[in-house]
Amino acid sequence: MGSRRKWIQLAVLAALIIVLPFFFPSSYYYRVGALIFVNALAVVGMVILIGYAGQISLGHAGFAGIGAYACALAPEYLGLHPGLALILGAVTSGVLALLIGRPILRLKGYYLGVATLGFGILVSMVLTNERALTGGPDGMSVADPGLRGMLRDLGWRLSVGELWYGVSAIALLIGAWVALNLFDSPTGRAMRALHGSEVAASTVGVDVARQKLRAFVISALYASVSGSLLALQNGFITPDVAGFMHSIEMVTMAVLGGVGSVLGGTLGAAILTTLPQVLTIFAEYEQLVLGAVMILVMIFLPQGLLPSIARRFRGRDE
Amino acid sequence: MDALLQFIFSGMTVGAVYALVALGFTIIYNASDVVNFAQGEFVMLGGMITVFTYMAGVPLPLAAVLAIVATAAVGVALNKLAIEPARGAPVVSLIIITIGASILIRGAAQLIFDKQLHRFPAFSGDAPLRVMGATILPQSLWVIGGAILVFVGLWLFFTRTLTGKAVLATANNRVAAQLVGINTNWVMTLSFGLSAAIGAFAGVLVTPITLVSYDIGVGLALKGFAGAMLGGMGNPKGALVGGLLLGLLEAMTAGYLSSQYKDAVAFIVILAVLFVMPHGLFGSKSVERV
């Protein structure tokens, strides 16, 4: 991917973000859009971990949980501004990922899967059980960061929906920009090399353990910030954000859209985020349809949606 | 001492169920290299179908047999419709397919049955038996006995019958098995059916104690998976030891430390074991197939 393709991808993403609101029939769609961008941010992290470095995680919702609860807890108990709490959450997630990543990433395939799954479950269990601190399964409210008021003072009147649509979109664009830059950097190349073959990568001098750890920590940061933004825009948070199903959602979104590609991951996030909204009319069938979609896409479009579609348009293999 | 014995009894009961779920994981993994996250759904189906056929007036033993056969059919269908068409897909895709299948089966069960908790009567009454100062439910003995029966039966199947040996051969080396004339597709179908039947059997045994509802599968699948990994994926002995160990650990934690964190300790131990022994307690060093 040359730098031209990088800018084309970013431009496509930015254009979609700007154009879409003109087609929104109601302000409710700003909320859905913001939710898509927040999920997509976590998914871009998964694209780096799974798509670049070829490692799997079934527990990244744990980091999202840390990010989310940092924004809920730090303002209440430490008096920290929610914006700083987001950074605190990211630092905590990063350090934790660094600490557990080293022993965990020696594992491969399913063993790595169960280890990360264990981590995610431990986080969600702590959040659920420490009622005195977190409110337990009922969740807790998150302080308003006061962004709207700040913008109003500057003469910018935004609705809540518009504000978070904008903030999440900017976060996603930055996240995508970083990921696309990483792709062609020496680090990104090293990650992709070890994805192809660890043995081959290490023979040409790639420090395999170090690169895996980097991918793990970076993706944890993405998940953490995504969790924080979710908490801030909802103003409320429950331990579900750290739950097993959320981890699975992240992986599924990444793989559904096309796991090697940032745009694909965003597409996957868009589909899986809107699907339940569309299906609320058939709430009974939601799980049935979701399960069927997951199976069918993996069987018929094993590369994910975007790469498969792109290939069809080009008419020939890349 | 009484308390310890009590915890051992409850740990053995839960552990036997985990061991059966872990065994289901192991059988499918051996035949196809797939970790089937829908394994917990088989347990749910076993319990649910028994409950609903029993409520429809079918005698309990017959209802149980029907449930096991129907679940085995679901297992075979899962293999034919979702796993075989995706042959050769990467691990991530297979994980998503089986998780998709588990969500699909859960969604279907919630539509066909309902969202309530159900049970049917225990096989030999609910009066607890007193053993050395502790008590044990007769149904717990059924669970533990049933698990032993399954493990002995499978051991005989794998070591004494030609079909069983064909399954083992496929697990060892698929291509070599094909070369000596083993129909490996059939082995895969058999493994999915067998594994689903074992899961359903566990569901039938444990429903009178733990009750059943459409969403019990996820938790069981995670524990069974953890148990299988603890013992070492792909090893039936590992599934037995891993499952039982997990059940005992949970019971001890719930009894002596905190019932809220009983699930946590299981995963902490698994992480610790994987750090020290990256292939589980009984896993071979050469699990990675290139």
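The chains referred to below are lettered A, B, ... by the order of the sequence lines, with proteins before strands, and numbering in each begins at 1. All values below come from the heavy atoms of this structure, side chains included, with hydrogens, waters and symmetry mates left out.
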(message) Applying ring-ring contact (aromatic ring centres under 6.0 Å, His included) as the test, list every pair that has at least one member in residues 233-261 of chain B; sequence neighbours left out.
(response) B:Phe7-B:Tyr256
(message) Please classify the contact between A:Leu296 and chain B as side chain, backbone, both or neither, with a heavy-atom cut-off of under 4.5 Å.
(response) neither
(message) Using a 4.5 angstrom heavy-atom cutoff, name the option from B:Leu94, B:Ile96, B:Ile95, B:Ile83 with the most pairs to chain A.
(response) B:Ile96
(message) With rounding to the nearest 0.5 angstrom, report the CE to CD1 distance, A:Met245 to B:Ile103.
(response) 3.5 Å
(message) Less than 4.5 Å to any heavy atom of chain B: does that hold for the side chain of A:Phe300, its backbone, both, or neither?
(response) neither
(request) Answer with side chain, backbone, both or neither: which region of A:Val126 has an atom nearer than 4.5 Å to a non-hydrogen atom of chain B? (result) both
(message) Just checking A:Tyr285: does its OH atom have more than 12 heavy atoms from other residues, nucleotides or ligands closer to it than 6.0 angstrom?
(response) no
(request) Find the one option among B:Leu271, B:Ile97, B:Val35 whose heavy-atom pairs under 4.5 Å with chain A are most numerous. (result) B:Val35
(message) I'd like to verify something: which residue of B:Ala89, B:Ala82, B:Ala226 has the highest number of heavy-atom pairs under 4.5 Å with chain A?
(response) B:Ala82
(message) Looking only at heavy atoms and a cut-off of under 4.5 Å, which of B:Gly107, B:Ala86, B:Ser102 has the most pairs with chain A?
(response) B:Gly107
(request) Would you please name every residue forming a salt bridge (charged side-chain N to carboxylate O under 4.0 Å, His left out) with B:Lys223, sequence neighbours left out? (result) B:Glu250, B:Asp263
(request) Answer with side chain, backbone, both or neither: which region of B:Ile99 has an atom nearer than 4.5 Å to a non-hydrogen atom of chain A? (result) both
(message) So, taking the atom named CG in A:Leu107 and the one named CE in B:Met229, what distance separates them when rounded to the nearest 0.5 Å?
(response) 8.5 Å
(message) If I take atom CD1 from residue A:Ile299 and atom OG from residue B:Ser93, how far apart are they, to the nearest 0.5 angstrom?
(response) 10.5 Å
(message) Heavy-atom count check: over 12 atoms from other residues, nucleotides or ligands less than 6.0 Å from B:Arg174 CZ?
(response) yes
(message) Please classify the contact between B:Gln110 and chain A as side chain, backbone, both or neither, with a heavy-atom cut-off of under 4.5 Å.
(response) side chain
(request) Quick one: which residue pairs count as a salt bridge (Lys or Arg N to Asp or Glu O under 4.0 Å) with a foot in residues 130-140 of chain A, not counting sequence neighbours? (result) none
(request) Please indicate whether A:Arg210 has more than 12 foreign heavy atoms, meaning atoms of other residues, nucleotides or ligands, lying under 6.0 Å from its CZ. (result) no
(request) Please round to the nearest 0.5 Å and tell me the distance separating atom OG1 of B:Thr98 and atom CE of A:Met298. (result) 12.0 Å
(request) Could you tell me which residues in residues 112-124 of chain A have at least one non-hydrogen atom under 4.5 Å from a non-hydrogen atom of chain B, sorted by residue number? (result) A:Val114, A:Ala115, A:Leu117, A:Gly118, A:Phe119, A:Ile121, A:Leu122
